[in-house]
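For the numbers below, each heavy atom of this structure counts, side chains included, while hydrogens, waters and symmetry mates do not. Please read all numbers here as calculations on a predicted model, not as lab measurements. Residue numbering restarts at 1 for every chain, and letters A, B, ... go by the order of the sequence lines.
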Number of protein chains: 2
Amino acid sequence: MGHGYKYYKGSDRKVLQAVLRDKDFYSTEGRLQLLSFLKKASAPVSVPEVTKQIGKNLVEANVYRALEALADAGVLARSDIRRGGAHYEYPHSHHHHIVCSNCGHTEEVEDCGGKSMERRAFRNSESFAEVRTHALEFFGLCRACAHAR
Amino acid sequence: MGHGYKYYKGSDRKVLQAVLRDKDFYSTEGRLQLLSFLKKASAPVSVPEVTKQIGKNLVEANVYRALEALADAGVLARSDIRRGGAHYEYPHSHHHHIVCSNCGHTEEVEDCGGKSMERRAFRNSESFAEVRTHALEFFGLCRACAHAR
DNA sequence: TTTAGTGCAAAATCTTTGCAGGGTA
DNA sequence: TACCCTGCAAAGATTTTGCACTAAA
C-alpha cells in the first residue's frame, strides 16, 4: 500500500499547481491564491474572511464554489465551528479543534484515532456504502473567558 | 458519582415540563411544543424546518433563541451537519451521525468514547479552562447514491 | 476547441437584534 | 410583582443560482 501523500518538488506555487492538477482541477490564479492564503493561515477561515483578505481579485460567490469543491476533493478541510458558517483550512496535518463557546478562540487538537472511528462507524452502519471523512470539534471555555465570569 | 440522568414520572408533557424547570427555564407552551416535536423527530432538524412543521404558533426568531438556549443548557443537542445551518435534536441517547454527502440521508452512530476524547483534548490543550461538549459527524455515500453513479 | 472557471448581479436562506406586550413563577 | 418569554419588524450575514465571458487543457 502507498504512503498516502505525494512528494512535490519546487516552489510553493508549483507545489500548489501540482496539487490542483493531481485532483483534476484547472490550475487557475484564483485557486492558487486561495490555497496559498489558506496554507499560511493559522486557523480555519470563513468564506467572507478569505474573500476580504485576499482582496478584489476574487468574488465571494466564486470563493464559495472553489472552497467547497476543493474540500469535497480532499484538498482542503472544512470545519463547522459554530461561528457563522463553514470554515476552511489547509490540512497541514490531520487534526481537529477546541473552540471557545464564548469568544471563538480556536486551538488545534491532535488526531483522535479518526480512521479507526471511521471504520467502526462504517461497519456498524446499515445503509452506507462508504465513509469518506469525519468532522470533530470540541467546545468549551478558554481561560480568558472563564476568568471574565 | 451520579448516573447522569433523572427519572421523570408522568405523561410526556409533564416530563418535558419537569425537564424545563429542572434547568431553570420557564415552562412555556412554545418550548413544550418544540421539545415535543424534536422528541418525536428521527433526525436532526433545522430551525426553518421546525418552524414550518409546527405551524404558526411560533415565530422563527424565537425558535432560534429557544433552541440555542436549550442546547447551551444541554437539553438539546446541536449538530452542524453541512446542510444549511444548525440542526437540533432531542438526545434520547448520546450519539452522532453519518451523513450522505450526496443526498443528506442520515443515520445514527453509537457513542464514540466521547467523554474520554473530551478529557484527552482538554488535557492536551494549552489555553482552555474546560471542555463541555463535542460534535462529531461522519460523511460518506449511502448505498442508494453509490449505486446511482 | 472543448471544458471548466470566473465575474457580476440577483435572490434565497439562515440568523440576529431591539423592543413592547403577554405569560410564568 | 418581577422576571422571562414571545411576537413583530427590520436588518445583517451567509450561501446559491444563472448566465455571459474568459482562461486552461
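Side-chain N/O atoms of A/His105 and B/Ser127 include a donor and acceptor closer than 3.5 Å.
In this structure, the ring of B/His134 has its center less than 6.0 angstrom from the ring center of B/His94.
For C/dG18, the base has a donor-acceptor partner in the side chain of B/Arg65 [N/O atoms by modelled type, under 3.5 angstrom].
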Problem set entry | Evaluation steps, side chain to side chain donor-acceptor pair (under 3.5 Å), between A/Glu89 and A/His95 | CA-CA 11 Å; A/Glu89 69 185 322; A/His95 64 261; 3.3 Å; yes

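Within 4.0 Å of B/Ala86, counting heavy atoms only, lie sugar-phosphate atoms of the nucleic acid but no base atom. Residue contacts for A/Ser27: at a heavy-atom cut-off of 4.0 Å it reaches the sugar-phosphate backbone alone, with no base atom in range.
Residue A/Tyr64 has no polar side-chain atom (N or O) positioned under 4.0 Å from OP1 or OP2 of D/dT16. One finds a side-chain N or O of A/Thr28 lying less than 4.0 angstrom from the OP1 or OP2 phosphate oxygen of C/dT6. Considering only side-chain N and O atoms, A/Tyr26 lies nowhere under 4.0 angstrom from the phosphate OP1 or OP2 of D/dA25.
Rounded to whole Å, atom P of D/dT17 lies 14 Å from atom CG of A/Asn62. A straight line from CZ of B/Arg21 to P of D/dC3 spans 21 Å, rounded to a whole angstrom. When the P atom of D/dA24 is taken as reference, atom CG of A/Leu32 falls 10 Å away, rounded to whole Å. C/dG7 atom P lies 11 Å from atom CD of A/Glu29, rounded to whole Å. Taking atom CD of A/Glu60 as the reference point, atom P of C/dT6 lies 15 Å away to the nearest angstrom. If you measure from atom CZ of A/Arg82 to atom P of C/dT16, you get 13 Å, rounded to the nearest angstrom. For the pair B/Asp24 CG and D/dC3 P, the interatomic distance rounds to 15 Å; values are reported in whole Å. Per the geometry, CG belonging to A/Asp80 stands 14 Å off C1' belonging to C/dC14, to the nearest Å.
Each of D/dC5, C/dT6, D/dA9 was ranked by its minimum atom distance to the side chain of B/Ala61; first place goes to D/dA9.
In terms of heavy-atom proximity, A/Phe37 sits nearest to A/Val50 at CD2-CG1, 4.0 Å.
Taking for each of B/Pro48 and B/Phe25 the nucleotide of DNA chain C with the nearest heavy atom, the 5'-most of the two is the partner of B/Pro48.
Remark: B/Arg31 fails to qualify as a cation-pi partner of B/Tyr26 under the 6.0 Å distance and 45° angle criteria applied to the six-membered ring.
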